[in-house]
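Have a look at the structure below before the remarks.
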Amino acid sequence: MLFDTHVHLNADQYEDDLQEVIDRAREKKVENMVVVGFDEKTIKRAIEIAEKYDFIYASIGWHPVDAIDMKDEHLQWIEELAAHPKVVALGEMGLDYHWDKSPKEVQKEVFRRQIQLARKVKLPIIIHNRDATEDVVTILREEHVEEVGGIMHCFTGSIEVAKQCIDMNMHISFGGPVTFKNAKKPKEVAAEIPIDKLLIETDCPYLTPHPYRGKRNEPAYVSYVAEQIAELKGISYDELASKTTENAKKLFGINL
Ligand code: NI
């Protein structure tokens, strides 16, 4: 059994064949998935999908790239939705310094407010970090993320950063990039971190793992991520699968 902790089945890319994509995931023994919403449209769709399928859950938050568009009403709305029985986390949230649509200061403020909300509603958070590791770690520490914990989504950082995050009660989640031949760092980190802090994901439709790199990603392919990490850790595929599934269920408060 596999748990894909980060999917965007709410994306337009699945408009025509969502059911087939989900069926293929189930055939590959992907037991559970968390659909991540990050703005008005994708949050609404994430909830719709989670309501339709009992094995699919939702995480809701505001993306740092669009931080400039977040109004007080949006945060209030997210707080109301956080009480929904299928909402298991807040996010994705964080910092993205690759794109400059939203100024850094605005991104930081929106990030802090969402962590504060997560502590209020007692839900773990899902972190998006692009080119902003130092500020992300500082804010997580200052806002006491350890109270709720969460996920460093699609982690590609160093072992030092991974350890700092684990010390703050965070899990480290790997996606497609860990399967790329030239991904030396993610492979090293995946091999080294404790298995009880490890999660797997696809971030589909993006970041498609080898051997489908370049094609549209889908949750069934999380099996390639699991295969790669099991090999790196020198354990069986089944052990890796059951351990990461157990980790995810515990973090999201889903019955084991
Ligand atoms: Ni994502």
Side-chain angles (χ1 to χ4, degrees), residues 2-15 18 21-22 25 30 32-50 56-67 69-70 74 78 81 86-99 101-102 107 110-111 114-115 118 123-133 136 140 150-157 165 170-180 183 186 198-209 212-213 215-222 224-225 244 248 251-252:
L2 298 162
F3 196 130
D4 189 343
T5 61
H6 198 116
V7 302
H8 296 286
L9 294 179
N10 45 355
D12 292 343
Q13 284 92 328
Y14 302 110
E15 222 167 37
L18 179 64
V21 167
I22 290 172
V30 182
N32 297 108
M33 299 158 233
V34 173
V35 182
V36 179
F38 49 78
D39 60 16
E40 248 183 282
K41 185 182 165 198
T42 57
I43 288 172
K44 278 184 192 153
R45 184 75 184 126
I47 301 269
E48 264 173 35
I49 295 171
I56 298 181
Y57 296 83
S59 178
I60 55 172
W62 206 265
H63 204 284
V65 168
D66 301 318
D69 302 325
M70 197 191 80
H74 290 129
I78 290 171
L81 284 176
K86 296 302 289 290
V87 171
V88 294
L90 295 194
E92 49 192 296
M93 63 174 81
L95 300 174
D96 191 319
Y97 293 169
H98 181 75
W99 306 103
K101 179 183 166 188
S102 299
Q107 290 193 33
V110 164
F111 184 22
Q114 291 185 84
I115 303 174
L123 284 177
I125 61 177
I126 296 179
I127 302 298
H128 171 102
N129 164 31
R130 191 160 182 198
D131 303 340
T133 303
V136 165
L140 287 175
I151 302 175
M152 301 304 290
H153 136 66
C154 199
F155 191 80
T156 51
C165 294
M170 297 298 285
H171 285 70
I172 308 295
S173 184
F174 292 95
V178 79
T179 67
F180 300 164
L198 190 78
L199 297 170
I200 53 174
E201 63 172 71
T202 53
D203 197 24
C204 64
Y206 318 107
L207 299 173
T208 312
Y212 294 106
R213 195 174 180 180
K215 303 239 166 61
R216 183 187 69 170
N217 200 358
E218 58 177 71
Y221 299 164
V222 79
Y224 296 102
V225 176
T244 49
L251 177 66
F252 293 129

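Residue numbers run from 1 in the order of the sequence given. All ligand and atom numbering here is 1-based and tracks the order in the structure.
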Among the N, O or S atoms that [X] has, which is closest to the Ni ion (ligand 1)?
X: His8; result: NE2
X: Glu92; result: OE2
X: Asp203; result: OD1

Stepwise, does the side chain to side chain contact (heavy atoms under 4.5 Å, CB included) test hold for Asp96 with His63?
CA-CA 9 Å; Asp96 191 319; His63 204 284; 4.2 Å; yes
Between Thr202 and Asn217, which heavy-atom pair has the shortest distance, and what is it?
O-ND2, 3.0 Å
Can you label the angle between the Tyr224 ring and the Tyr212 ring as parallel, tilted or perpendicular, going by 30° and 60°?
perpendicular
Looking at the Ni ion (ligand 1), is there an N, O or S atom belonging to Cys154 that lies under 2.8 Å away from it?
no
Tested for ring-ring contact (aromatic ring centres under 6.0 Å, His included) against Phe38, the lone hit among His74, His128, His8 is His8
